[in-house]
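In what follows, chains are A, B, ... by sequence order, proteins preceding strands, each numbered from 1. A quick note: this is a predicted structure, and the numbers were derived from the prediction, not measured. Below, all heavy atoms of this structure are taken into account, side chains as well, without hydrogens, waters or symmetry copies.
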Amino acid sequence: MASKSVLTPQAEDFPRWYQDVVAKAEMADNGPVRGTMVIRPYGYAIWERMQAEMDARIKEAGAQNAYFPLFIPESYFHREAEHVEGFSPELAVVTHAGGAQLAEPIVVRPTSETVIGEFMAKWIQSYRDLPLLLNQWSNVVRWELRPRLFLRSSEFLWQEGHTAHATYDDAAAYAKRIHLEVYNDFLVNVLAAPTYLGIKPPSERFAGAINTMTAEGIMRDGKALQMATSHELGQNFARAFDVYYQSEAGQAELCFTTSWGASTRLVGGLIMLHGDDNGLVVPPRLAPIQVVVLAVRDEPDVNEACEKVATALKAAGVRVAVDHGRGSFGRRITDWEIKGVPLRVEVGPRDLAEGRVTIVRRDDAQKSAVALDAVAAIAPGLLESVQAAMFESARRRLEESTHDVTTIHEALDVAQTGFARLAWSAVGDEGEALLRTEAVTVRCLLRPDGSIPVSDTEAGLHCIVAKSY
RNA sequence: CGGGCUGUAGCGCAGCUUGGUAGCGCGCUGCGUUCGGGACGCAGAGGUCCCGGGUUCAAAUCCCGGCAGCCCGACCA
């Protein structure tokens, strides 16, 4: 009867806890090839919810979905010097196909700036064709040296947006719009993930970008995770792929491009941001299953009441699952807790005799007795309050884990367990080098009021320094 | 690519020192009893002991050579 913990406690061994959650919540398995990942139905359902929420916001921002090939000619990568230098070490390259060696090796895309640049050049003729706003949902391959499920797999799923604009200002404004209206809106309102929004220092920029925006979240072990990123590519890729347009004045002008992405890494972020010693905790607006209706006993009366509650919840727009399977009640509770379903409705003969059921919140384990007929009316509001409480508690953790310091050495100290915030001018190249000796990096630069700078050369910038995934 | 470690049932491991019938826990199958916080009994299924070679009457065990994986660093959505 007595339950010992199913998962390794976070405080004992955080990485082990993470692996336990991924396995026991049936989210993913390691694939047969090193670093690859099999995403199981529950993990994929969560990703599909992320996709749906982000896709709607991307379309709202005016971008259209398209699809470009997995295979890219190797020569494309050599057209942008920084890009090839940055990505070469992690490319998977096809040298043989159809039983023969290929004349030119084919790269399995690590990202698609190059191939999309090639086609932008074809499609853009006039200023009337701009801006061109594209997005694709795809898989990409990066041969990482130390893979971890969801956080850093050799192959991962993501969306990558690619846009072309007539002016620098228009490109910069669009990249920022995506960062705020797609990513931050999703992170705050769906994932309940507070982050620091800022720009990367030059050393951490995307290979080929002139400016990279990031959203840096804090995980429960105090490490940072980049949750999404938006790049201003300037004219670098446009120049490499001849993306010109004819202006109103009839002149040939080079476009300005952007790219931006969010990946299945967010699933790993979800686990480490909200998860506790009992498993995953999924924010209600994200959850593929928002409420599980649980029969205490597998008996006709109880099952009938479960179906009734579930039907009412569905009618109220709630995503619901019913569990009147066999097996002990305790075991089934534990399983649903590990999966992080926000609300559990327990239906048992004892409560039922009084016309009641018990509702249990996943986030704080609070139980309340509710009239059978009132569940559907109460649940939506309760889900919203769980959502709000989860964001608030994550926001407080972020705030309490961030410490203002003045020197690099203090920053190093703080970064062992959390985030250090200090003047960017106090860091410099030597400071960054020193931080690196302890696996600490500058996560982002931001203005004192927390807003996103235009460039790293702005005066008076702060920076966030931490260990990261 | 440097340093440390490990390959035995689906998963986690013992057995190896001292060679001799392949084991334990969890999981899985069947039946029964259970079910308000990981239930229990009984009966079962499941193995190229990472691969190749050597020593030996006999190798999971000893020797040689491969291969794979994990952890720590450099890289990274």
Whole-Å distance between A77(B) P and Y469(A) OH? 16 Å
Distance check needed: C11(B) P versus R16(A) CZ, whole Å only. 14 Å
What nucleotide, of C76(B), C71(B), G36(B), holds the atom closest to the side chain of R152(A)? C76(B)
Could you tell me which non-hydrogen atom of T8(A) sits nearest to which non-hydrogen atom of W17(A), and how far apart they are? O-CD1, 3.1 Å
Separation of C1(B) P from E90(A) CD (nearest whole Å): 18 Å
With a 4.0 Å cut-off, would you call R436(A) and E204(A) a salt bridge? yes
Nearest-angstrom distance, P atom, C1(B) to C63(B): 26 Å
Interface with RNA chain B, restricted to residues 214-235 of chain A and to heavy atoms under 4.0 Å: Q226(A)
So, does E438(A) use its side chain to make a donor-acceptor pair with the main chain of L434(A) at under 3.5 Å? no
Just say parallel, tilted or perpendicular for the rings of W47(A) and W137(A), cut-offs at 30° and 60°. perpendicular
How far apart are the closest heavy atoms of P453(A) and I199(A), and which atoms are they? O-CG2, 3.5 Å
Distance check, C1' atoms only: G27(B) and C11(B), in whole angstrom units. 7 Å
Would you mind telling me which of A77(B), A39(B), G37(B) lies closest to the side-chain atoms of E337(A)? G37(B)
Which class fits the ring pair F241(A) and F237(A): parallel under 30°, tilted 30 to 60°, perpendicular over 60°? parallel
Heavy-atom nearest nucleotide on RNA chain B taken for R344(A) and for L151(A); more 5' hit belongs to R344(A)
When rounded to the nearest Å, what value does the distance between P atoms of G10(B) and G65(B) take? 30 Å
G30(B) and C13(B), which share atom name P, separated by this distance in whole Å: 29 Å
Which residues pass the side-chain hydrogen bond (donor to acceptor under 3.5 Å, both in side chains) test with R443(A), not counting sequence neighbours? E216(A), T441(A), S468(A)
Distance, rounded to the nearest Å, where Q19(A) contributes CD and C71(B) contributes C1': 11 Å
Look at the side chain of R332(A) and the base of G36(B), then say whether one donor and one acceptor between them are separated by less than 3.5 Å. no
Looking only at atom P, what distance separates C64(B) and G69(B), rounded to whole Å? 24 Å
Between U17(B) and A60(B), how far is it from one P atom to the other, in whole Å? 12 Å
Under 3.5 Å, is there any donor-acceptor pair linking the side chain of S328(A) to the base of A39(B)? no
Are E160(A) and R109(A) within salt-bridge range, i.e. N to O under 4.0 Å? no
Just to verify, what does D335(A) make a side-chain hydrogen bond (donor to acceptor under 3.5 Å, both in side chains) with, not counting sequence neighbours? R331(A)
Which residue lies more 5' along RNA chain B, comparing A439(A) with P349(A) via nearest heavy atoms: P349(A)
Main-chain N/O of G275(A) paired to Q10(A) side chain as donor or acceptor, under 3.5 Å: yes
Give one of base, sugar-phosphate or nothing for S153(A), where a contact means two heavy atoms less than 4.0 Å apart. base
Could you tell me the separation between the CZ atom of R443(A) and the C1' atom of A77(B), rounded to a whole number of Å? 11 Å
If you look at every strand shown and take non-hydrogen atoms under 4.0 Å, does G348(A) touch a base, only sugar-phosphate, or nothing? base
Would a distance-only check, ignoring hydrogens and angles, find a side-chain to backbone donor-acceptor pair under 3.5 Å from H231(A) to A207(A)? no
Where the side chain of Y174(A) meets the backbone of A61(A), is there a donor-acceptor pair that is under 3.5 Å apart? yes
For Y183(A), run the side chain to side chain contact (heavy atoms under 4.5 Å, CB included) check against I58(A), L266(A), I178(A) and tell me which one passes. I178(A)
Taking all heavy atoms of M54(A) and all of V182(A), pick out the closest pair and write down the distance. O-CG1, 4.2 Å
For a quick check of understanding: with a heavy-atom distance under 4.0 Å over all strands, which category does T358(A) fall into, base, sugar-phosphate or nothing? base
Length of the CE-P vector between M213(A) and A77(B), whole Å: 15 Å
From the candidates C75(B), C71(B), G36(B), the one with an atom nearest any side-chain atom of F329(A) is G36(B)
Below 3.5 Å is the cut-off: list the nitrogen or oxygen pairs between protein and nucleotides 30-33 of chain B, distance only.
none

Does anything in residues 282-301 of chain A come within less than 4.0 Å of RNA chain B? Heavy atoms only, and list the residues if so. V296(A), R297(A)
In terms of relative ring orientation, are F419(A) and Y196(A) parallel, tilted or perpendicular, with 30° and 60° separating the classes? tilted
How would RNA chain B look in dot-bracket form, 5' to 3', counting Watson-Crick and G-U wobble pairs with both distances under 3.5 Å and writing | for bases paired to another strand? (((((((..((((......[..)))).((((((.....)))))).....(((((..]....))))))))))))....
If I take atom NZ in residue K24(A) and atom P in nucleotide G12(B), what distance separates them, rounded to the nearest angstrom? 11 Å
A9(B) versus A22(B) - spacing of their C1' atoms, nearest Å: 10 Å
Let me know the distance between CZ of R148(A) and P of G69(B), rounded to the nearest Å. 18 Å
Run the side-chain contact (heavy atoms from CB on, under 4.5 Å) check on V386(A) and R362(A) step by step: do they pass? CA-CA 8 Å; V386(A) 171; R362(A) 174 63 181 88; over 6 Å; no
When rounded to the nearest Å, what value does the distance between P atoms of G20(B) and G47(B) take? 23 Å
